[in-house]
J.: 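First, the structure itself, so that you have it in front of you.
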2 protein chains.
Amino acid sequence: MTDTAAAGTRTATQTASKSEQAYAAVKARIVDGSYSPGYRLVLAKIAEDLGVSVVPVREAIRRLEAEGLVKFERNVGATVSGIDPTEYLYTMQTLSIVEGAATALSAPLIGGPDIARARAVNAEMRACLQHFDPVRFTRLNQDFHSILFEHCPNPHILDLVHRGWNRLASLRSSTFRFVPRRAHESVDEHEALLRLIEAAADADEIEKAARLHRSATLDAYLAQNNAGSHNAH
Amino acid sequence: MTDTAAAGTRTATQTASKSEQAYAAVKARIVDGSYSPGYRLVLAKIAEDLGVSVVPVREAIRRLEAEGLVKFERNVGATVSGIDPTEYLYTMQTLSIVEGAATALSAPLIGGPDIARARAVNAEMRACLQHFDPVRFTRLNQDFHSILFEHCPNPHILDLVHRGWNRLASLRSSTFRFVPRRAHESVDEHEALLRLIEAAADADEIEKAARLHRSATLDAYLAQNNAGSHNAH
DNA sequence: GAGTACGAAATCGTATACGAAAACTATTGC
DNA sequence: GCAATAGTTTTCGTATACGATTTCGTACTC
């Protein structure tokens, strides 16, 4: 029902198979948090909700399983995956790696207009911090990074980044809490990142900066939730 | 990840669902090259071959699509993906990134016995070069890297590496050609990588070495096929 | 009162069937 | 000879149906 992404909705609806429809619908509900981690996905129920039969729903769920958004167990059913903090750690770590790479690959292709757009978004983010609007902040954050990725020439990496974002979104709805102090730093890091890109810095340098940006958020999360197992990097 | 635990292994094998069976079978055929890129996957035919109905086959193929091994088109059908050299480039580039990360994350956990095992494998690889055995060489190469990854604490990254290997295997069967000179260098790089790990080098250094190792193979491939579009890194 | 066994309900897994879309082929007109 | 079109065949997409498996509740025994 709640089509968050307005992209191509009209055309898509026309051509969308029921299986696509089910896939998109369930995915959207997971990402936006309607189905939170651990939620039991009953085929028949979803099928009825969507007005289709179970076969396409089942197919959709298996696809989501392959993307890591749901966990599937034989003869038992599917649940939305990723309840524990460990999952969050793994997802963030993976995302920091692919996102760093995507940003580095994309950087040489970013033009002046993109930079300007990114700056505008970042300015809005800063504004959000003042009137405390975490929801909008998160959305803008995604926009900001999307601008940095969108020129990435390697579609596979781009795909991995998007999957990471989706996983993150699904986890975030239940485990993530907004950390204003970290958010301030985040906005500053965005600015630094843009300067690096503008200066046509070394790809390694850009990658490292992008990766650290993400890792820092992970660290902030771990510190806040004082999770004991902080091994990596 | 893999259910290595003896508990339930027998039962699991016994109860493998048809969908699971179809998934494994088709995947295996793609990876081993029986179905080469571009091959048309007709649901009914595969279903008949496997002695099951089309529903589980369809499900399996959709899962493989989500993994990137097949390309699916509405009302047309599925084909094994990845025909062109560009695809090879993207796959290798992605793999170099996730594999580099996996190796770096795994390195601190690698012990003496692992190093010894890896050295033994590498020695065998060197031997393969003398009596020119590309097939065995490729297999050993996979074994070598597997030893480096197997301690990677982040299952998501490990999963991405495995997917990359699978994609690579499916592409390789049609596009890859064995390059002895590069193979010699590869074996030397393995040795250097082991020394870095033994010396407990900086994670960044290990990651960079592992990534370059993979990138060099990509470069050799591109040089050999003198593909014009050599943009990245 | 606790634990076990049995039965009912819920849910999954897949075969079959049929409608719909695309691909292929043959025919007709120019 | 070529192109466009109509008809045929192939193949996909999904609803329905039913057997298999798990789960949950209840009654029975110790």
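Letters A, B, ... mirror the listed sequences (proteins, then strands); counts begin at 1.
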J.: In terms of side-chain geometry, is the basic nitrogen of R163(B) or D159(B) positioned less than 4.0 Å from the acidic oxygen of its partner?
T.: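 Yes, R163(B) and D159(B) are salt-bridged.
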
J.: Please check: side-chain N/O of S186(B) versus main-chain N/O of R182(B), any donor-acceptor pairing under 3.5 Å?
T.: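 No.
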
J.: Polar atoms only, N or O, under 3.5 Å: list the protein pairs with nucleotides 9-16 of chain C and their distances.
T.:
from	atom 1	to	atom 2	distance (Å)
dC12(C)	OP1	L43(A)	N	3.4
dC12(C)	OP2	L43(A)	N	3.4
dC12(C)	O3'	N75(A)	N	3.4
dG13(C)	OP1	N75(A)	N	3.1
dG13(C)	OP2	R58(A)	NH1	2.0
dG13(C)	OP2	R58(A)	NH2	3.4
dT14(C)	OP1	K18(B)	N	2.4
dT14(C)	OP1	S19(B)	N	3.4
dA15(C)	OP1	K18(B)	NZ	3.1
dA15(C)	OP2	S53(B)	N	2.4
dA15(C)	OP2	S53(B)	OG	2.2

J.: Can you name the closest pair of heavy atoms from S81(A) and G68(A) and give their distance?
T.: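 Taking every non-hydrogen atom into account, OG-O, 2.8 Å.
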
J.: Between R214(B) and W165(B), is NZ or CZ placed under 6.0 angstrom from the six-membered ring centre and within 45° of the ring axis?
T.: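 So R214(B) does make the cation-pi contact.
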
J.: Mind checking whether S96(A) and H213(A) have side chains closer than 4.5 Å, heavy atoms only?
T.: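 S96(A) vs H213(A): side chains apart.
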
